[in-house]
Amino acid sequence: MTMLKFDQSTTPLPASIDEGRAARAIRELLFALGEDPDRDGLRDTPDRVARMYRELLEGRGVPPGTHLDRTFAETCDDAVIVRDIQVNSLCEHHLLPFTGRAHVAYVPGARVVGLSKLARTVRVFARRLQVQERLTTEVADALMSDLDARGALVRIDAEHMCMRVRGVGEPNASMVTTAARGILREDRTMRSEVLAAFGQPR
């Protein structure tokens with residue numbers, strides 16, 4: 001099977017958002033859309049949108065292993081599974097949100113991680129300009145490299161506003177992506193059991 005490769009810029013991005021510059025850009029966008037940014041309903045919109053982007057992109061500059069560095073020695077030969085982690089991300093193609101659920105499983109090496117840390121790891125990667133395919137692989141790769149897991153399997157089921165409200169205008173379509181690593185890629189029986197535990201895509 002061919003592995004997807006995503007070209008990532010080698011130029012580091014600033015971790016923080018320049019809210020002043022973003023607000024000025026939104027103000028110019030409102031002019032370009034034929035609006036009056038000084039009218040009552042839009043007067044504070046540039047600042048509000050700038051703050052919104054700061055929140056939606058808060059995962060920028062956060063090291064992937066931030067939430068996987070505190071672990072506990074534990075013997076566990078089977079998969080640890082967390083289902084239905086909320087995903088809220090921003091598609092980098094149209095700057096529209098996609099939302100859904102992430103299901104995460106890993107087979108520990110010598111150590112396990114707290115339950116909430118898996119959800120926080122998903123959030124770190126989701127709160128960036130993203131595509132769903134890359135988001136899925138990044139979470140799986142982080143579990144392997146930063147948690148030293150023996151296997152990882154991630155599935156994300158999401159709906160994309162860029163497909164629901166523009167273009168094809170398909171309101172009922174959803175996207176499902178998976179990424180399998182290590183023993184959960186090699187052992188088909190174990191992988192099938194984990195996928196069954198994830199449940200059917202919504």
Under the criterion side-chain contact (heavy atoms from CB on, under 4.5 Å), I'd like the reasoning laid out for Leu57 against Leu129: C-alpha separation, chi angles, the key distance, then a yes or no. CA-CA 7 Å; Leu57 302 175; Leu129 291 179; 4.0 Å; yes
Answer yes if Val139 and Met144 sit in the same cluster of Ile, Leu, Val, Met, Phe, Trp and Tyr residues linked by side chain heavy atoms under 4.5 Å apart, and no otherwise.
no
_Please determine whether residues Val80 and Val104 belong to a single hydrophobic cluster, defined as Ile, Leu, Val, Met, Phe, Trp and Tyr linked transitively by side-chain heavy-atom distances below 4.5 Å._
yes
Interatomic distance, CG@Leu153 vs CD1@Ile183, rounded to 0.5 Å, equals 12.0 Å
query: Stepwise, does the side-chain contact (heavy atoms from CB on, under 4.5 Å) test hold for Thr71 with Leu147?
result: CA-CA 8 Å; Thr71 59; Leu147 192 54; 3.6 Å; yes
d(Leu115 CG, Ile85 CD1) to nearest 0.5 Å is 7.5 Å
Discussion item. Whether the Gln130 and Ser89 side chains hold a donor-acceptor pair (N or O, under 3.5 Å, no angle test) is what I'd like checked.
Written reply: no
Exam field: side chain Arg83 to backbone Ala197, donor-acceptor pair closer than 3.5 Å
yes
| request: Answer yes if the side chains of His103 and Asp157 hold a donor-acceptor pair under 3.5 Å, and no otherwise. | output: yes
ask   = So do Val131 and His93 actually touch side chain to side chain, heavy atoms under 4.5 Å?
value = yes
Scanning both residues in full, the closest heavy-atom pair of Gly114 with Phe72 reads N-CE1, 4.1 Å
Closest non-hydrogen atoms of Ala23 and Pro46, given as atom of the first, atom of the second and distance, are O-CB, 3.3 Å
request  = Would you indicate whether the side-chain heavy atoms of Tyr106 and Val154 approach each other to under 4.5 Å?
outcome  = no
Taking the side chain as everything from C-beta on, heavy atoms only, tell me whether Glu55 gets closer than 4.5 Å to Arg127. yes
- Short N-O contact, Arg181 and Asp141, less than 4.0 angstrom: yes
Heavy-atom closest pair (Val122 atom, Leu135 atom, distance to 0.1 Å) is O-CD1, 4.3 Å
In short, Val113 meets His67 closest at the heavy-atom pair CG2-O, 3.9 Å
Hits for salt bridge (Lys or Arg N to Asp or Glu O under 4.0 Å) against Arg39, two or more places apart or cross-chain, chain-then-number order -> Glu35
Separation between OG (Ser174) and CD1 (Ile156), nearest 0.5 Å, reads 13.0 Å
Residues at least two apart in sequence or cross-chain that pass salt bridge (Lys or Arg N to Asp or Glu O under 4.0 Å) with Asp47, listed by chain then number, are none
Quiz item: Checking Gln132 side chain against Met175 main chain: does a donor-acceptor pair fall under 3.5 Å?
Solution: yes
| said: Whether the side chain of Arg191 engages the backbone of Arg185 through a donor-acceptor N/O pair (distance < 3.5 Å, no angle test) should be reported. | reply: yes
Review point. Is it true that Arg54 and Glu19 have a side-chain N and a carboxylate O under 4.0 angstrom from each other?
Key: yes
Between the NZ atom in Lys117 and the CG atom in Leu143, the distance rounded to the nearest 0.5 Å is 14.5 Å
Here the gap from Phe98 atom CZ to Glu159 atom CD, rounded to the nearest 0.5 Å, amounts to 12.5 Å
Residues pairing under salt bridge (charged side-chain N to carboxylate O under 4.0 Å, His left out) where one sits in residues 89-110, two or more places apart or in two chains, turn out to be Glu92-Arg134
Val194 vs Ile81 side-chain heavy atoms within contact, under 4.5 Å: yes
Here the pair of heavy atoms bringing Gly151 nearest to Leu184 is C-CD1, 3.9 Å
Checklist entry - Should Val87 and Leu68 be counted in the same cluster of Ile, Leu, Val, Met, Phe, Trp and Tyr side chains packed under 4.5 Å apart? => result yes
Next on the checklist: For the backbone of Thr45 and the side chain of Arg27, can you confirm whether one donor and one acceptor N or O come within less than 3.5 Å of each other?
Outcome noted: no
**Item:** Glu58 bridged to Arg128 by N-O distance under 4.0 Å
**Value:** no
If you count the non-hydrogen atoms of other residues, nucleotides and ligands that lie under 6.0 Å from CG in Asp38, is the total more than 12? yes
(Q) When you measure from the side chain of Thr66 to the backbone of Val62, do you find a donor-acceptor pair of N or O atoms at a distance under 3.5 Å? (A) no
The reported gap from CG in Asn172 to CE in Met163 (rounded to nearest 0.5 angstrom) is 10.0 Å
- prompt: CZ of Arg120: more than 12 outside heavy atoms within 6.0 angstrom?
  reply: no
* Asked: Do you reckon Leu95 sits in the same ILVMFWY cluster as Ile26, going by side-chain contacts under 4.5 Å, direct or chained?
  -> yes
Is the shortest distance from a Lys or Arg side-chain nitrogen in Arg150 or Asp77 to a carboxylate oxygen in the other one below 4.0 Å?
-> yes
Cluster check Val176, Phe198: I/L/V/M/F/W/Y, side chain < 4.5 angstrom
no
